[in-house]
Every structure is written in structure tokens, then in C-alpha cells.
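Have a look at the structure below, then the notes.
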Amino acid sequence: MKSDNVNEFSVDTRRTGPSEDNRYQTSDVSEFKDIIENGDVYRDAASPGLGPVGGVTPTLPPDDVASPELGPVGGVTPTLPSDDVASPGLGPVGGVTPTLPPNDVASPGLGPVGGVTPTLPSGGVTVIPIIPSARYGYLRFFNGNVNGETIDIYIHNKLYARNLYFRESTDYFQLPAGSHKITVYRAGNRNVKLYEQDFRINANTRYTGAFSGEVGDYSMVFTITNCKKKTGNIARVRFINIAKNSPYFDVYLDKTVIIREFYYNEVSRYIDVRNGYHSLILTQSQTMRVLLEEPQVYFEGGRCYSVYILGNNSSVPVQISILEDSF
């Protein structure tokens, strides 16, 4: 890896000797002759200067440690004494990672071709695994069984809903993504198991589990409630039929049919509805017999709703429950 701290000397900063005036003041050649003959040039360490072509790194006495400098072609890493640990520098071609003493732990650097990861000592190294963050989904329950049975709901033998009455719903529970065992008991009595099912939850997904049916034929209908809300005065509405043993329905909103022959366990798509009160009518398909009429159903703009159709059209009349799907 290239160091950001490599010094880029300018012409001026390379000149560590005498000033321009002093270097070229003398006209007596004998002074230079005396210096050369007496060997004075070797008594002082040379300083980097500019040669005819580019930067030149002078030879230093053996007692000094050289520092990287620019040579005629590119960066040069000098040879260091054996007692010192070399640092990576620039060689004639690219980065060079020096050899380190066996007692030191090397750090990754750049070799002649690419990155080099050094060998670490066999002992005293702690490996920390990278564990992805847990992912969660969300689940709520709705009690729509036609017997009106009050229920308790357990997930992996842990109580999540106690005394859930007919037409009541819970808040959303956060659960890890994956498979979960869901068991429904008669409220306050774990000796009477009404229903059990394994259900897989996906991360970042919201679900509603609607408990429906009647004695001996219970079920739970799971629907995804990740509704994309509209802004302004538009609400989004869908219908879910959990009315056991009921006929097919035609669904009218404001006297306009929006669903025909709506059967048991069917889930409609979301439709856009303006903000405000609306009339809702359910009729038996083909006969036009009115089974339910709600003249004042309110939907608020910017929200999502699921309209559950309940009952069995005999002992329990057809009715609706509306849950908001907005989170």
C-alpha cells in the first residue's frame, strides 16, 4: 500500500547546502583542489540535490540510516542495518514489503504484483467471526372462528395471545425469520388443543394469522399485510373471506359491484377508495339475496385496510370486521 506520507520535495526544499550566492561566490580554483585532496568531502554526510536529469540519492556513511529518495528512474528503498526493521517503500517497479524479524507480526502490504497477506504466528491469534445481523418479520393474530371460542395462542410453547375473543386482534409481534410452530388452545385450558401449524416468516414482512372455522374443522388463514400506502385522500382496501360454509358472495361498494363469486379463504387485491364513508353490501352470488348491508363504513385516506367476512350464514350470520394493515 502506498503511504500518503512520502515526501515530494520541491527544487527549493532539496537544497540543504549553502545558498545560491555562497555556492557560486568563490573564483579561486585552489580552494576546491584543497578540499578534494584533503578528503573533506567525506567528512560530512551528503544532502540530496538535483542532478542533470532528476533527483539523486547520495551515498551515506555506514553509521547512518538512509531514507527513501528519488533516483534517476523512480523510488528507491535503501538497505537498512540488520538490527532495524525495514518499512515498506517504493522500489524500481512497485511497492516492496520488506522481510520482518521472526518475532514481529507482519502487516499486509503491496508486493511486486498485488496485495500480500503475511503469515501470522501460530499462537496468540484470536479470530473473530463476522455474524450477520438477525432478520425479523412481524405477525399478529385475529380470532374469527364462527363458534365464538375464546382462545390462547402459543408460539414454540410461549404464550403470545391470552383470552383473544371473537372478532378481536392482537398487535404485531416481532419474530426471527424462519419456521415457527403456532398452537391454538381453548382459553385457559392447554388440555384442549384446537389447532396447530408450522408457519414460515420471511424477514421484513408483516402477516396476519386469522383463526377461523368451527369445532373439528378449524384453520388459520395467513395473509401478508405489507400494503403500499397512497398519499392524500386515497385509502387502499381489500377483502378476505373466512366465512366457513357460506355461499359465494358478490361484494358491492357504493352500489357498484367490485368482486363477484367471492369464495371461502379467498383474498382480494387492494383497491383504491376515496377518503370518507361508504356503503358496503354483500349478496349471495347469482340470487342477489342481500346477506349483509353496512351503510356507513369509514376508510381514511393514506391508510390500508383488510375487511374480513365472517359467519356461516346459518347459526352465525354473515358479518364483517375491519383491520387496519398500516404499520
Side-chain angles (χ1 to χ4, degrees), residues 129-229 236 238-246 262-270 304-312 315-316 319-327:
I130 299 175
I131 303 174
S133 58
R135 304 174 67 197
Y136 295 93
Y138 302 88
L139 175 63
R140 68 178 175 182
F141 295 106
F142 171 67
N143 184 3
N145 78 90
V146 295
N147 287 349
E149 187 90 60
T150 303
I151 58 175
D152 293 340
I153 302 177
Y154 287 75
I155 301 177
H156 297 305
N157 293 319
K158 180 180 179 180
L159 181 63
Y160 273 77
R162 184 197 303 272
N163 292 331
L164 191 63
Y165 292 98
F166 178 56
R167 298 181 65 180
E168 276 191 341
S169 63
T170 68
D171 292 330
Y172 284 99
F173 304 106
Q174 179 178 274
L175 295 169
S179 182
H180 297 272
K181 183 178 290 296
I182 299 170
T183 309
V184 181
Y185 295 96
R186 179 174 293 167
N189 190 349
R190 292 192 66 179
N191 293 322
V192 182
K193 183 189 295 185
L194 303 178
Y195 183 76
E196 189 170 68
Q197 176 181 348
D198 288 330
F199 179 69
R200 175 167 291 277
I201 290 178
N202 294 324
N204 303 316
T205 306
R206 299 191 298 271
Y207 302 88
T208 298
F211 182 63
S212 64
E214 52 191 1
V215 177
D217 192 18
Y218 289 113
S219 64
M220 187 168 285
V221 178
F222 289 92
T223 56
I224 295 176
T225 55
N226 283 21
C227 173
K228 186 176 181 180
K229 298 184 288 186
R236 306 197 70 200
R238 69 174 175 181
F239 295 81
I240 302 171
N241 184 359
I242 58 172
K244 188 76 171 178
N245 298 324
S246 61
F262 196 42
Y263 54 83
Y264 176 63
N265 275 355
E266 186 178 1
V267 180
S268 78
R269 63 178 178 84
Y270 285 98
C304 298
Y305 300 91
S306 286
V307 180
Y308 285 86
I309 302 174
L310 316 171
N312 58 13
S315 60
V316 180
Q319 53 197 288
I320 62 170
S321 285
I322 301 176
L323 300 185
E324 185 178 342
D325 291 340
S326 306
F327 191 68

| field | All side-chain hydrogen bond (donor to acceptor under 3.5 Å, both in side chains) counterparts of Thr150, not counting sequence neighbours | value | none

| No-hydrogen, no-angle side-chain donor-acceptor test under 3.5 Å, Tyr308 and Ser212 | no

| said: Given Arg236, which partner from the list Lys229, Arg269, Lys228 fulfils the side-chain contact (heavy atoms from CB on, under 4.5 Å) test? | reply: Lys228

| Residues in salt bridge (charged side-chain N to carboxylate O under 4.0 Å, His left out) contact with Glu196, at least two apart in sequence or another chain | Lys193

| task | Mind checking salt bridge (charged side-chain N to carboxylate O under 4.0 Å, His left out) for Asp198 and listing every partner two or more places apart, or none if nothing turns up? | result | Lys181

| task | Any chance you could lay out the side-chain contact (heavy atoms from CB on, under 4.5 Å) test for Val146 and Leu310, step after step, and finish with the verdict? | result | CA-CA 7 Å; Val146 295; Leu310 316 171; 5.8 Å; no

| field | Residues that Asn241 engages under side-chain hydrogen bond (donor to acceptor under 3.5 Å, both in side chains), provided they are two or more places apart | value | none

| field | Listed partners of Thr205 passing side chain to side chain contact (heavy atoms under 4.5 Å, CB included), at least two apart | value | Asn202, Tyr207, Ile224, Asn226

| Just one of Thr208, Leu139, Val267 clears the side-chain contact (heavy atoms from CB on, under 4.5 Å) bar with Phe222, so which one? | Leu139

| field | For Val184, side chain to side chain contact (heavy atoms under 4.5 Å, CB included) partners two or more places apart | value | Ile151, Ile153, Leu194, Tyr195, Phe211, Met220

| said: Test: salt bridge (charged side-chain N to carboxylate O under 4.0 Å, His left out). Region: residues 158-175. Which pairs qualify, not counting sequence neighbours? | reply: none

| remark: Sorted by chain and residue number, the ring-ring contact (aromatic ring centres under 6.0 Å, His included) partners of Tyr185 (sequence neighbours excluded) come out as Tyr154

| Sequence-distant partners of Asp217, side chain to side chain contact (heavy atoms under 4.5 Å, CB included), two or more places apart | Lys244

| Please, which pairs that meet disulfide (SG to SG under 2.5 Å) have at least one residue in residues 141-196, sequence neighbours excluded? | none

| said: Going by side chain to side chain contact (heavy atoms under 4.5 Å, CB included), name the residues that satisfy it together with Thr170, two or more places apart in sequence or in a different chain. | reply: Arg140, Phe141, Ala161, Leu164, Phe173

| note | Residues passing the salt bridge (charged side-chain N to carboxylate O under 4.0 Å, His left out) test with Glu149, sequence neighbours excluded, are Arg186

| query | Does a donor on one side chain sit under 3.5 Å from an acceptor on the other, for Ser306 and Arg238? | reply | yes

